[in-house]
Amino acid sequence: MHAGGLSFVGWGVVDKVLIVGASGLLGSSLSPYCTERGVRVVRGGFTAPEADIRFDVRDFAQTYAVLEEVQPDLIVNLTALTDVDLCEAQPHEAYLGNVRCVESLCRWMAANGRKCFLIHISTDTVYDGVGPHAEPDIRLTSCYAFSKYASELVALSVPSTILRTTFFGRTLSNRRKSLSDWVVESLTHGVPVKAVRDVLFSPLSISSLVQYIHLCMMTRAEGVFNLGSHHGFSKAEFIFRLASVLDLDTRLISLADASQVFVKAYRSRDTRMDVKKFETTFGVVLPSLDSEIEWMRGQYA
């Protein structure tokens, strides 16, 4: 069942939430979703003009000053350096973009007497090998994965929910495109698409993910959780199925191996996740990847 069928009534209230990275792929959908449900949202960003407050979360002093001003009772951290090739070439940038930002937030939380909770978005790329992977099955194969895992260790120093996830769907961001955005735009304009057949994953749609993050905000269960879909498959199969659902020209799609497409930094070959811990803790049944793709039928009309 798609997450749209969930009800969050009675799971708690959030007074004020600071969303760091509110203008990105995920934040651009999460911010309005929460606002529509009565949450006081403060949108944090670095340079985004639509941000309510602008600061460099990598800077301890700036971050401390902003958090002292905002006084959130919950922080959602969506900021990250997700360029895998750049992280591999410049590990210090990976640290600044993925670890130091969390250190800044957690320093204020640890020093501040006011109770505050952190929801930190991590990644499925902390896994490799044959999936689906449970939370303890860490296998780090890139600087990006290492930096994201290090960010989780920092987040665990304060009351937090850490979500390992990946997603697709129509984004509201003007700056970046999701995997499905790229596929739809390319095929719509007659641009050939290379579909990687030996990388497997189990993503959620953005529509589902923002609802589950909202659930985590209401519940505030501490720990590390896999948050993805059931019955994941290869990115090539994902692209073909999405194109079929949207009646796009599949003749423009060609198969490729990861080694042909990703020539600079290694990509995990199988990041499919076992999501039983999330389902048990939060009392939900997560959707299948097929149903999430089917949901796209109305999203790209």
Side-chain angles (χ1 to χ4, degrees), residues 2-45 51-53 57 63 66-67 70-80 101-102 104-106 108-110 112 114-123 135 151-152 154-167 169 171-173 204-229 275 277-287:
H2 190 268
L6 292 174
S7 171
F8 300 115
V9 175
W11 270 328
V13 295
V14 176
D15 179 31
K16 185 191 293 185
V17 57
L18 172 65
I19 300 179
V20 185
S23 302
L25 281 177
L26 184 55
S28 58
S29 293
L30 180 63
S31 296
Y33 182 88
C34 292
T35 299
E36 289 166 4
R37 281 148 187 83
V39 178
R40 269 202 300 167
V41 172
V42 178
R43 298 170 298 173
D52 299 311
I53 192 161
V57 71
T63 302
V66 165
L67 293 176
V70 176
Q71 289 289 315
D73 69 324
L74 191 146
I75 300 169
V76 180
N77 180 44
L78 306 178
T79 188
C101 55
V102 187
S104 293
L105 299 171
C106 291
W108 178 82
M109 290 178 65
N112 193 286
R114 187 174 183 272
K115 187 177 180 182
C116 185
F117 195 85
L118 173 67
I119 295 177
H120 174 57
I121 304 302
S122 189
T123 177
E135 284 80 359
S151 74
E152 295 181 8
V154 176
L156 286 171
S157 68
V158 297
S160 60
T161 300
I162 297 163
L163 302 174
R164 294 175 183 157
T165 191
T166 188
F167 56 88
T171 180
L172 301 178
S173 173
L204 283 172
S205 67
I206 292 175
S207 177
S208 290
L209 184 53
V210 297
Q211 295 182 61
Y212 291 121
I213 293 174
H214 182 249
L215 168 58
C216 293
M217 292 165 58
M218 300 298 104
T219 308
R220 306 192 196 190
E222 296 187 33
V224 180
F225 301 91
N226 290 337
L227 180 52
S229 56
V275 296
K277 181 181 177 182
F278 186 93
E279 291 180 320
T280 300
T281 301
F282 293 95
V284 297
V285 177
L286 293 169

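Residue numbers count from 1 along this sequence. These numbers come from a predicted model, not from an experiment.
- Residues that satisfy the side-chain contact (heavy atoms from CB on, under 4.5 Å) test with Glu222, not counting sequence neighbours, are Phe117, Pro159.
- Residues that satisfy the side-chain contact (heavy atoms from CB on, under 4.5 Å) test with Ser28, not counting sequence neighbours, are Thr171, Leu172, Ser173.
- Looking at Thr63, its side chain does come within 3.5 Å of a backbone N or O of Val57 through a donor-acceptor pair.
- Atom CG in Leu78 sits 7.5 Å away from atom OG in Ser31 (nearest 0.5 Å).
- Using a 4.5 Å heavy-atom threshold, the side chains of Leu67 and Pro72 count as touching.
- Annotation for Ala51 and Gly45: closest pair CB-N, 3.8 Å, computed over non-hydrogen atoms.
- Remark: Thr79 engages no residue in a side-chain hydrogen bond (donor to acceptor under 3.5 Å, both in side chains) (not counting sequence neighbours).
- Looking at residues two or more places apart in sequence or on another chain, you find a side-chain contact (heavy atoms from CB on, under 4.5 Å) between Val154 and Val99, Val102, Glu103, Cys106.
- A search for side-chain contact (heavy atoms from CB on, under 4.5 Å) contacts involving Thr165 returns Ile121, Leu209, Leu227, not counting sequence neighbours.
- Contact check for Val20 versus Cys101: no side-chain heavy atoms found under the 4.5 Å cut-off.
- Across Leu204 and Pro287, no two heavy atoms sit closer than the pair CD2-CG, 3.7 Å.
- To the nearest 0.5 angstrom, Ser104 atom OG is 13.0 Å from Met109 atom CE.
- The ring-ring contact (aromatic ring centres under 6.0 Å, His included) search around Phe225 returns Phe282, not counting sequence neighbours.
- One N or O on the side chain of Lys16 and one on the backbone of Val70 form a donor-acceptor pair closer than 3.5 Å.
- Atom CD of residue Gln211 and atom CZ of residue Arg37 lie 6.5 Å apart, to the nearest 0.5 angstrom.
- Looking at heavy atoms from C-beta onward, Trp108 lies out of side-chain contact with Val66 at the 4.5 angstrom threshold.
- For Glu135, there are no salt bridge (charged side-chain N to carboxylate O under 4.0 Å, His left out) partners, not counting sequence neighbours.
- In terms of the side-chain hydrogen bond (donor to acceptor under 3.5 Å, both in side chains) criterion, residue partners of Glu279 (sequence neighbours excluded) are, by chain and number, His230.
- Between the OG atom in Ser122 and the CG atom in Asn77 there is a gap of 10.0 Å [rounded to 0.5 Å].
- A salt bridge links Asp73 with Arg220; the closest basic N to acidic carboxylate O contact falls under 4.0 Å.
- For the pair Arg164 and Val224, the minimum side-chain heavy-atom distance is below 4.5 Å.
- Looking at heavy atoms from C-beta onward, Leu163 lies out of side-chain contact with Tyr212 at the 4.5 angstrom threshold.
- In this structure, the side-chain hydrogen bond (donor to acceptor under 3.5 Å, both in side chains) partners of Ser23, at least two apart in sequence or on a different chain, are Glu50.
- A donor-acceptor pair is defined here as one N or O able to donate and one able to accept, closer than 3.5 Å; no such pair exists between the side chain of Thr161 and the backbone of Ile119.
- Atom CG of Leu26 is separated from atom OG1 of Thr166 by 10.5 Å, given to the nearest 0.5 angstrom.
- With rounding to the nearest 0.5 angstrom, the OG atom of Ser151 is 9.5 Å from the CG atom of Leu156.
- The side-chain hydrogen bond (donor to acceptor under 3.5 Å, both in side chains) check on Arg43 picks up Asp52, with sequence neighbours excluded.
- Side-chain contact check for His120 versus Ser160: every heavy-atom pair is 4.5 Å or farther apart.
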